[in-house]
Amino acid sequence: MTKQHRAELLLALATGFWSISYYFSRVCLTEMDVMTLNAFRFLSAFMILGLIYRAHLRHLTRETVKWGVAVGLILVVTYIGATYGVMYTSLSNAGFISCLAVVITPLIQLLFFHRLPERRLGISLLLCVIGLALMTLSDDLRFASGDALCLLCSVAYACDILVTEHAVTKSDVDPVGMCVVQIGVTGACFLLLALLLEKPHLPLTPGGWAAALFLGLFCSGITFIIQNTQQQYTSAARVALIFTLEPLFSAIVAFFLAGERLLPRNYFGAALMLISLLLAQTGGEKHDDVREGV
């Protein structure tokens, strides 16, 4: 197995954890406000990762801190859109629209860096867009207010993917240290917002504690460690395409845990998205290993 394929499999695993986060976020939001939940989620991840990777924190470079702060601020916008969005739309829609980063990422690359996607990847993106439309648009072709907030999340996350790709290829940036810094910055910003806008408190029930800790450790800590250490072995456009697995996983979680049901056209859209991912994985774009594994 090549480093690129291994990295993309791990990124798919991270996507699975993110897809589950929509359900657990909704559970937590019955007990905690948005800013408070995100502060708990990221600060708990920061404390756990800071303990595990304390050696990396003792050798932080200026570049590592700089890029960690930049990505952390982008994640604040990302999770404001994601967490508020899940309150005003279905779990399925939240997962699908948040994956519009698959389109926005290569669009930003084209507009600002004049980088066209490889042909096979371009076809995959087109299929993915059609699939997303079939999954998310209502019969009157309008988005709900929660859908618009999830769209904000996808734009911000496209920026996160591109900034992370740029940062982790630098020889003086430690991807693990950068991850711990970005999670700490995100948690600190949300704590400040919670103190200004809400009345912060800890989870109220055992179920709330379990859901919030799962969000912190798995959906924030482990997933961003995977992204930061593995994204250097593939391209930003392919990472965004892999993240389209998130709505498929979200729909499965919503079906079994929240009782949400999809229409036939939704399933057809999901099938197109899977085909687009498989098409991208069967050849085409190659990404040279930039640096040795962490």
Let me confirm one number: the [atom1]-[atom2] distance from [X] to [Y], rounded to the nearest 0.5 Å.
{"X": "Asp33", "Y": "Asn38", "atom1": "CG", "atom2": "CG", "value": "11.0 Å"}
{"X": "Leu10", "Y": "His5", "atom1": "CG", "atom2": "NE2", "value": "13.0 Å"}
{"X": "Asp174", "Y": "Thr229", "atom1": "CG", "atom2": "OG1", "value": "10.0 Å"}
{"X": "Ile225", "Y": "Cys179", "atom1": "CD1", "atom2": "SG", "value": "3.5 Å"}
{"X": "Leu152", "Y": "Tyr84", "atom1": "CG", "atom2": "OH", "value": "12.0 Å"}
{"X": "Gln232", "Y": "Lys170", "atom1": "CD", "atom2": "NZ", "value": "13.5 Å"}

query: Mind checking whether Phe218 and Phe17 have parallel, tilted or perpendicular rings, split at 30° and 60°?
result: tilted

task: Could you pull out all residues at least two apart from His166 that satisfy ring-ring contact (aromatic ring centres under 6.0 Å, His included)?
output: Trp67

Flag, side chain of [X] to backbone of [Y], donor-acceptor distance under 3.5 Å:
{"X": "Ser220", "Y": "Leu215", "value": "yes"}
{"X": "His56", "Y": "Pro175", "value": "no"}
{"X": "Ser44", "Y": "Gly216", "value": "no"}

Honestly curious: do [X] and [Y] fall in one hydrophobic cluster under the side-chain, below-4.5 Å linking rule?
{"X": "Met35", "Y": "Val27", "result": "yes"}
{"X": "Leu202", "Y": "Leu213", "result": "yes"}
{"X": "Met47", "Y": "Phe42", "result": "no"}
{"X": "Phe214", "Y": "Ile48", "result": "yes"}
{"X": "Ile52", "Y": "Ile226", "result": "yes"}

- prompt: Looking only at heavy atoms, which two atoms of Phe40 and Pro203 are closest? And how far apart?
  reply: CE1-CD, 3.9 Å

message: For a quick test of reading the model, state the closest non-hydrogen atom pair linking His201 to Thr36 and the distance between them.
response: O-CG2, 3.4 Å

statement: side-chain contact (heavy atoms from CB on, under 4.5 Å) with Leu49: of Ile183, Val176, Leu217, only one passes, and it is Ile183

task: Any chance you could lay out the side chain to side chain contact (heavy atoms under 4.5 Å, CB included) test for Lys66 and Val173, step after step, and finish with the verdict?
output: CA-CA 9 Å; Lys66 180 181 74 174; Val173 170; over 6 Å; no

Connected hydrophobic set around Leu51, excluding itself, where side chains approach under 4.5 Å: none

- line: salt bridge (Lys or Arg N to Asp or Glu O under 4.0 Å) pairs touching residues 40-58, sequence neighbours excluded, are none

- request: Find out whether Leu37 and Glu31 are in side-chain contact, i.e. whether some heavy atom of one side chain is under 4.5 Å from a heavy atom of the other.
  value: no

task: Using a 4.5 Å cut-off on heavy atoms from C-beta on, say whether the side chain of Glu198 contacts that of Val34.
output: yes

In residues 68-81, what donor-acceptor pairs under 3.5 Å come from side-chain atoms, sequence neighbours left out?
unit_1, atom_1, unit_2, atom_2, d
Thr78, OG1, Ile74, O, 3.0
Tyr79, OH, Trp18, NE1, 3.4

message: Is it true that Gln231 and Thr164 share a donor-acceptor pair across their side chains at a distance under 3.5 Å?
response: no

Donor-acceptor pairs are to be reported for all side-chain atoms of residues 189-196 against protein atoms at under 3.5 Å, with residues two or more places apart or in another chain.
none

field: Within residues 181-190 or reaching into it, pairs that qualify as side-chain hydrogen bond (donor to acceptor under 3.5 Å, both in side chains) - sequence neighbours excluded
entry: Gln182-Asn228

